[in-house]
Amino acid sequence: MHMKTYLTNKFLEIFGQSDNIRIFFTPGRVNLIGEHTDYNGGHVFPCALTIGTYAVVRFNNSNRIRFYSLNFSKEGIIETGIENMEYNDNHLWANYPKAMIWALESNGYKINKGFDVMYYGTIPNGSGLSSSASIEVVTGYMLKELFGFDYDNIKIALMARDAENKYIGVNCGIMDQFAVAMGKKGYAIFLDTNTLSYKYVPLRLGDYKIVIMNSNKKRGLNDSKYNERRSECEKALKYLQKVKDIKSLGELSVDEFERIKDVIKDDDNGEILIKRVRHAVYENVRTIKALEVLISENELSDVDRQISDVEETKGLKIFGQLMNESHRSLKKDYEVTGLELDTLVEVALKCEGVLGARMTGAGFGGCAISLVHKDYVDEFVIKVGEEYESKIGYKADFYVVETGDGACEI
Ligand code: GLA
């Protein structure tokens with residue numbers, strides 16, 4: 001059945017009426033490279049996916065908001081007054097859209113009419129493919145259209161980040177919200193998180209595919225570790241600022257870092273702080289390099305491609321190596337991988353037709369990605385799947401990346 005019909009029927013079933021409904025969508029994202037750089041003022045390189053979150057909505061002529069999720073149907077309808085956006089443990093998942101409404105209101109956008117909204121998410125929860133950014137951004141986009149607010153998609157991303165930081169309590173950067181609000185089919189987004197300047201880069205990978213490997217280890221519980229990494233970076237930055245006028249780690253070149261790193265001399269964990277900064281600085285440089293490589297790959301004309309296969313994969317090989325280095329650094333210096341993600345990457349790299357592999361997103365669980373030749377994808381999925389299950393004890397899931405558009409009405 002067509003998604004729109006399915007959602008309309010479900011809405012009718014839940015709320016008893018489906019006249020005047022409107023349907024909105026926001027994708028999830030996968031990050032190609034540039035991990036844990038966004039809250040350090042560095043670069044990221046994500047793309048939006050075709051899986052995401054649908055929101056079906058209509059005004060209900062009251063001053064109540066009624067939330068329902070097809071993914072959490074057991075929880076039933078969760079209801080609150082339009083004046084009451086405080087965090088409430090009993091509101092479970094609905095605290096995410098409430099967080100967005102709270103952020104809108106903090107920015108002066110008042111919700112003065114009640115509505116019924118039904119969500120349906122196709123992103124596996126806790127997979128690190130940004131299901132939370134997706135539900136927040138779809139809510140922001142939907143309310144803009146419903147109430148005629150004048151903000152743009154970048155502003156939605158910024159408000160969604162505020163919702164995460166100040167309401168949910170995860171001190172994340174801007175990458176996820178930006179990627180899902182601004183994504184474009186066929187493109188990755190190269191984003192400078194310091195200035196928010198960005199570039200759409202065609203994701204032309206020739207005969208290669210990006211395969212997402214979901215470890216099925218949920219990451220939610222480790223959000224405290226995420227916040228810990230961020231504060232380690234902030235602490236290290238303070239030491240560096242004693243000798244260099246910088247606002248973020250993203251401003252440091254590799255040479256500068258190597259020259260001044262020894263000023264980081266924390267009594268408790270100086271060595272650890274240096275490792276964290278090393279990752280942030282080198283990863284940022286790798287991300288800029290990855291952009292150059294993809295751009296030069298895109299510039300190869302189709303004639304070049306026909307003449308020489310070697311030329312075609314040269315750039316992608318470098319891209320793959322950058323992915324591998326990224327993973328090593330996230331494992332050794334940033335320490336956010338863990339047995340599950342390391343296993344996926346190790347096994348992936350042993351497979352034929354693979355140019356690179358790395359964890360993606362926050363880490364600690366969630367997903368890794370690999371750049372795999374299209375002729376070897378099936379074999380890859382079987383081999384990585386089997387080895388992962390025999391070592392870890394449960395299954396991994398695999399998806400071939402299809403890029404999609406950002407927030408929209410459907
Ligand atoms: C999570 C956060 C992002 C980013 C990544 C790591 O996805 O939400 O802001 O920090 O982790 O790169």
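Along the sequence shown, residues carry numbers from 1. These values consider heavy atoms only, across backbone and side chains, with no hydrogens, waters or symmetry-generated copies. For ligands, and for the atoms within them, numbers begin at 1 and follow the listed sequence.
Against a heavy-atom cut-off of under 4.0 Å, Arg29 is close to the following atoms of ligand 1: 7 (O). Using a 4.0 Å cut-off to heavy atoms of Cys172, the atoms of ligand 1 that qualify are 2 (C), 8 (O), 9 (O). Near Gly361, the atoms of ligand 1 lying under 4.0 angstrom from a non-hydrogen atom of the residue are 6 (C), 11 (O). The contact set between ligand 1 and Tyr39, taken as ligand atoms under 4.0 Å from a residue heavy atom, comprises 10 (O). Contact atoms of ligand 1 toward Glu35: 6 (C), 12 (O) (distance under 4.0 Å to a heavy atom of the residue). Interface of Met175 with ligand 1, defined as ligand atoms under 4.0 Å from a residue heavy atom, comprises 4 (C), 5 (C), 12 (O). Atoms of ligand 1 found under 4.0 Å from any heavy atom of Gly173 (numbered from 1 in listed order, with element): 9 (O).
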_What verdict does the side chain to side chain donor-acceptor pair (under 3.5 Å) test give for Thr337 and Asp342, after you've listed the backbone C-alpha separation in whole Å, the side-chain angles of each residue and the deciding distance to 0.1 Å?_
CA-CA 6 Å; Thr337 57; Asp342 289 337; 3.0 Å; yes

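The shortest N or O to N or O distance between Asp176 and ligand 1 is under 3.5 Å. Residue Tyr226 places at least one N or O, backbone or side chain, under 3.5 Å from an N or O of ligand 1. Ligand 1 has no nitrogen or oxygen under 3.5 angstrom from a nitrogen or oxygen of Asn31.
Although no hydrogens or angles enter the test, the distance criterion places a donor-acceptor pair under 3.5 Å between the side chain of Arg230 and the main chain of Cys172. For the pair Asn107 (side chain) and Tyr109 (backbone), a donor-acceptor distance under 3.5 Å is absent. A distance-only check finds no donor-acceptor pair linking the side chain of Tyr120 to the backbone of Met3 [under 3.5 Å].
Ligand 1 lies nowhere less than 4.0 angstrom from a heavy atom belonging to Met359.
For the residues His36, Gln177, Glu164, Arg230, the heavy atom positioned nearest atom 12 (O) of ligand 1 is part of His36. For atom 4 (C) of ligand 1, the candidate residues are Thr37, Asp38, Thr360; the nearest heavy-atom contact is made by Asp38. The heavy atom nearest to atom 11 (O) of ligand 1, out of those in Gly128, Ala362, Ser130, Gly34, is found in Ala362.
Ring geometry, Phe15 versus Tyr68: the interplanar angle exceeds 60°, so the pair is classed perpendicular (tilted spans 30 to 60°). Ring geometry, Phe115 versus Phe67: the interplanar angle exceeds 60°, so the pair is classed perpendicular (tilted spans 30 to 60°).
Between Ser253 and Asp255, the side chains place no donor N or O within less than 3.5 Å of an acceptor N or O (distance only, hydrogens not considered).
Here the closest heavy-atom approach between residue Tyr39 and residue Cys233 is recorded as CE1-SG, 4.4 Å. Listed here is the closest heavy atom pair of Leu341 and His327: O-CE1, 4.1 Å.
Between Tyr376 and Phe380, the ring centre distance reaches or exceeds 6.0 Å.
In Arg161, neither the side chain nor the backbone holds a heavy atom less than 4.0 Å from any atom of ligand 1.
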